[in-house]
Amino acid sequence: MEKTKKNLKLRVSIAISVFTLLLSVSIGVIGYQTYYSGMIKEYQKYSRTVLDLAVDGFDWDSIEKCVQTQKEDESFQKLRDRLDYIKTNTKIAWLYMFEPLNGNDVDNQRYICTGNRQEEYEAYAARGERPVWLGKMNGTEVPGDIAQKYVDFFKTAKEGEYWYYPNRTEWGYIYTTSVVVRTSSGNRLGVMSVDIEMEEIAHAMHIFPLVVFVAALILAAIFIILLVSWMNRRVINPLKALQVSASDFVARANGEDVESLNFENPNIHTKDEIEALADSLIEMTAETKKYMQKLLVETKEREKISADLHIASRIQDGMLPHIFPGFPERSDFELFASMNPAKDVGGDFYDFFFIDKDHLALVIADVSGKGIPAALFMVISKTIIKNRAAIGDSLSPAQILQDANNLLCEGNASGLFVTVWLGIIDLNTGLIKAANAGHEYPAIRQPGKKFELLKDSHGFVLAGLEGSKYKEYEIQLEPGATIFVYTDGVPEATNANNELFELDRLEKALNINPDAKPKELLPIIRREVDRFVGDAPQFDDLTMLSLTYYGRK
């Protein structure tokens with residue numbers, strides 16, 4: 001028991017710690033993303049402002065002539081002065097205009113103009129270099145894949161559309177924003193781009209997670225200590241007290257002295273659900289004690305009921321014919337039947353009896369419900385059907401079912417009903433006259449053929465509606481033919497995956513050995529059903545009857 005207590009405390013502490021740390025990390029990630037997104041939006045806004053200053057209100061038609069002639073003139077100098085002024089008075093790294101050419105890895109862009117500060121011009125002069133000039137190729141400054149994106153943007157961008165491209169270059173972490181420059185007639189002249197160094201945001205992005213993580217650890221540690229302490233005082237310790245009392249109650253409940261069995265009050269006063277739980281346990285154990293006292297009395301009564309059920313099961317089983325062969329003196333037919341109830345007593349039944357020396361009645365039925373009520377109704381139904389058929393004034397199964405239905409409807413306050421298949425075979429000819437009161441389809445196998453289901457016409461169940469009529473039909477059995485009838489417990493047998501055995505599997509099982517005699521056929525079906533169901537419980541009675549007709553010899 002002590003191990004369980006320690007585990008609960010440890011698991012609660014671990015759960016709180018993990019949850020707090022995950023929450024802190026989540027908040028840090030969200031904060032990081034929010035900060036980064038906000039910084040990027042500021043860069044975009046600032047770069048758009050710079051580009052608008054560079055592009056708006058300039059005579060780009062004159063620059064188009066310069067690009068076409070590749071000669072700088074007065075208008076080109078004005079463009080250079082504008083770009084120089086903007087770069088000198090803003091916090092940007094580069095401001096340049098170029099013409100995208102292709103997606104090659106070398107010389108994929110041609111410069112039109114760039115902006116420079118005075119110190120940059122001086123640096124060029126000190127190195128003996130010339131500032132970027134009109135028509136200068138960019139060499140290997142831009143990789144081919146990026147150059148192709150510039151080409152695509154240049155060709156497809158709408159007026160006023162911007163393209164943003166954060167990238168790391170040999171000059172550092174750069175955020176580039178570009179816009180297509182157009183002449184007054186709408187011709188695309190080139191791309192104006194501005195590069196802003198993002199070292200500030202890069203530095204902040206390195207510092208920010210560390211600050212958040214350290215702060216989160218400190219706050220998480222404080223929160224965990226306080227919460228674990230509170231949980232121990234308000235939850236763990238009261239639960240321990242409940243556990244001790246409950247364990248003691250269970251230990252003493254295993255004894256035989258029920259009268260001295262009491263639940264020790266753990267005296268919990270948390271004024272919350274745990275206190276309510278303790279009160280409920282006290283009340284529950286008091287009720288448990290009463291139940292155990294009552295159970296001792298009821299156990300003896302149930303033992304008596306169980307004995308009565310066993311006797312009832314034996315009586316019910318004795319009402320069904322079990323001696324096979326049932327008519328050993330007869331060689332013109334052979335039959336076999338079986339019934340396996342889902343409970344001690346069931347509602348299925350079968351019967352076979354002679355109406356006269358040439359006519360044999362076959363009955364299989366299934367009473368709704370289970371247990372003793374179904375068994376009692378089964379006894380009544382079986383008796384009525386057999387007595388009505390034994391009168392002998394009619395060899396019509398339809399009339400027998402009609403009369404039995406009317407008798408069963410009288411005083412049927414319980415609302416039970418029974419499905420029945422009744423067939424009367426003329427042993428001289430093999431002709432079966434049959435009627436079906438809502439029962440399963442029979443299966444027929446003629447000599448040399450396979451079993452097939454006979455989808456006969458179903459009437460209403462017996463005891464369901466007084467005055468119901470039933471349709472009669474005929475089945476001609478040739479010498480060597482077999483008929484197989486069953487209750488719905490066979491096709492509705494269910495496995496652990498809640499799948500039904502169904503009629504297709506039944507038909508396949510019948511045809512595993514279609515020439516089998518009835519006594520051999522029924523075990524084959526039961527074996528296939530058991531194999532399909534596996535360890536799943538049996539929910540319905542399994543009842544089967546089979547007859548093979550040989551004819552007069």
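In what follows, every heavy atom counts, from backbone to side chain, and hydrogens, waters and symmetry copies are set aside.
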Exercise. Hey, are K471 and D456 close enough for a salt bridge, meaning a charged N less than 4.0 Å from a carboxylate O?
Worked result: no
Seminar exercise, completed: dist F349:CZ -> D541:CG (nearest 0.5 Å) comes out at 12.0 Å
Exercise. Minimum heavy-atom separation for T494 to V533, with atom names?
Worked result: O-CG1, 3.5 Å
Exercise. Does one side chain, of T487 or D366, offer a donor that lies under 3.5 Å from an acceptor on the other?
Worked result: no
Problem set entry | Distance-minimising heavy-atom pair for F501 and F532 | N-CE2, 3.4 Å
For this session: Would you indicate whether the side-chain heavy atoms of I40 and Y164 approach each other to under 4.5 Å?
Result: no
Exercise. Should the heavy atoms of other residues, nucleotides or ligands under 6.0 Å from CD of E452 be counted, would the total exceed 12?
Worked result: no
For this session: Work out which heavy atom in I400 is nearest to a heavy atom in I385; give both atom names and the distance.
Result: CG2-O, 4.1 Å
For this session: Please check if the side chain of R505 supplies one atom and the backbone of L500 the other of a donor-acceptor pair under 3.5 Å.
Result: yes
Exercise. What distance do Y549 atom OH and D332 atom CG have between them, rounded to the nearest 0.5 Å?
Worked result: 7.0 Å
Exercise. Which heavy-atom pair separates A443 from L453 by the least distance, and what is that distance?
Worked result: CB-CD2, 4.0 Å
Seminar exercise, completed: CD of E466 to CG of L408, rounded to nearest 0.5 Å, is 10.5 Å
Exercise. Step by step, would you call D515 with R445 a salt bridge (Lys or Arg N to Asp or Glu O under 4.0 Å)?
Worked result: CA-CA 9 Å; D515 296 325; R445 184 194 70 84; 3.4 Å; yes
Exercise. Can a donor-acceptor pair be found between the side chains of N436 and H439 at a distance below 3.5 Å?
Worked result: no
For this session: Ignoring hydrogens and angles, state whether a donor on the side chain of Q399 or D403 is under 3.5 Å from an acceptor on the partner side chain.
Result: yes
Problem set entry | Check: E507/N511 side-chain N/O donor and acceptor closer than 3.5 Å | no
Exercise. So N513 and L521, side-chain contact (heavy atoms from CB on, under 4.5 Å) or not? Walk me through it.
Worked result: CA-CA 8 Å; N513 184 9; L521 179 63; over 6 Å; no
For this session: May I ask you to decide whether D145 forms a salt bridge with K149, counting only side-chain N to carboxylate O separations under 4.0 Å?
Result: no
For this session: Work out which heavy atom in H458 is nearest to a heavy atom in E440; give both atom names and the distance.
Result: NE2-C, 4.4 Å
Exercise. Is any side-chain heavy atom of F324 closer than 4.5 Å to a side-chain heavy atom of K519?
Worked result: no
Exercise. Which pair of non-hydrogen atoms, one from F352 and one from G326, has the smallest distance, and what is that distance?
Worked result: CE1-CA, 4.4 Å
